[in-house]
Structures are given as structure tokens and as C-alpha cells.
Amino acid sequence: MKDFLGQELAVGDHVTVGSAFGQQRGFTIGHIVKFSPKMVQVDTSRWDKKPNSFYPQDLVKVSPEQMTWYMLTRGKTA
């Protein structure tokens, strides 16, 4: 399966998904747990153990370098 940008997705890849609704508004980072025929199951929560399902075209793969940058700069303001 391929993400929004046409990048091939695999189990263990980090992805970002956007949401425009509720308290989860904004972007969320997660990692791919498994695939179903049409959906991708992504673990996006630190507390809930149940993965969420998304269509692959709703995801964008994040490189390990981008993930490292995000973790190092998270919470800091420019």
C-alpha cells in the first residue's frame, strides 16, 4: 500500500495522520501495526492499546530522521 505521497508503507513505519475534529485536532504521529485489505492499523495513542484504522491515502510516511527531529524539538517554541 502507498501513502498520500506515493511512498510504500510497511509494518513498523512511522506515519502522520491529520484530524480536523474534536480534541484530537491537528496531526498525530504513530507507527503501523498491521494491514487489512483496505485499511492500515496505526498505533497513535500512548494510553489506549487499541490501534486505529486509516485509509492509506490519509497517511504520510515519516522518515527516521524526521521522527528524531520531531522527538528532539517537541514542545519547544521557535
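In what follows, every heavy atom counts, from backbone to side chain, and hydrogens, waters and symmetry copies are set aside.
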Q: Could you list who else is in L59's hydrophobic cluster, with ILVMFWY side chains joined at under 4.5 Å, directly or through other members?
A: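 M1, L9, V11, V15, V17, I32, F35, V40, V42, F54, all in the cluster of L59.
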
Q: Can you name the side chain to side chain donor-acceptor pair (under 3.5 Å) partners of Q41, sequence neighbours left out?
A: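 Here no residue qualifies.
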
Q: Quick one: pull up NZ in K61 and NE2 in H14 and give me the separation to the nearest 0.5 Å.
A: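 Those atoms lie 12.0 Å apart.
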
Q: By the rule that ILVMFWY residues connect when side-chain heavy atoms come within less than 4.5 angstrom, directly or transitively, which residues belong alongside Y55?
A: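 Members besides Y55, by chain and number: M39.
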
Q: S53: which residues meet the side chain to side chain donor-acceptor pair (under 3.5 Å) condition with it, sequence neighbours left out?
A: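 By the side chain to side chain donor-acceptor pair (under 3.5 Å) rule, S53 matches no residue at all.
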
Q: Are a donor atom and an acceptor atom from the side chains of S63 and Q66 found within less than 3.5 Å of each other?
A: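 Result is yes, a qualifying pair exists.
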
Q: Go through the steps for I29 and M67 under the test side-chain contact (heavy atoms from CB on, under 4.5 Å), then give the verdict.
A: CA-CA 9 Å; I29 297 284; M67 191 63 194; 3.4 Å; yes

Q: For D3, give me all partners under salt bridge (charged side-chain N to carboxylate O under 4.0 Å, His left out), at least two apart in sequence or on another chain.
A: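 Testing D3 for salt bridge (charged side-chain N to carboxylate O under 4.0 Å, His left out), a comparison that skips the adjacent residues, returns none.
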
Q: Cluster partners of V60, using ILVMFWY side-chain heavy atoms under 4.5 angstrom, listed by chain and number?
A: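 Hydrophobic cluster check, V60: joined to F4, L5.
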
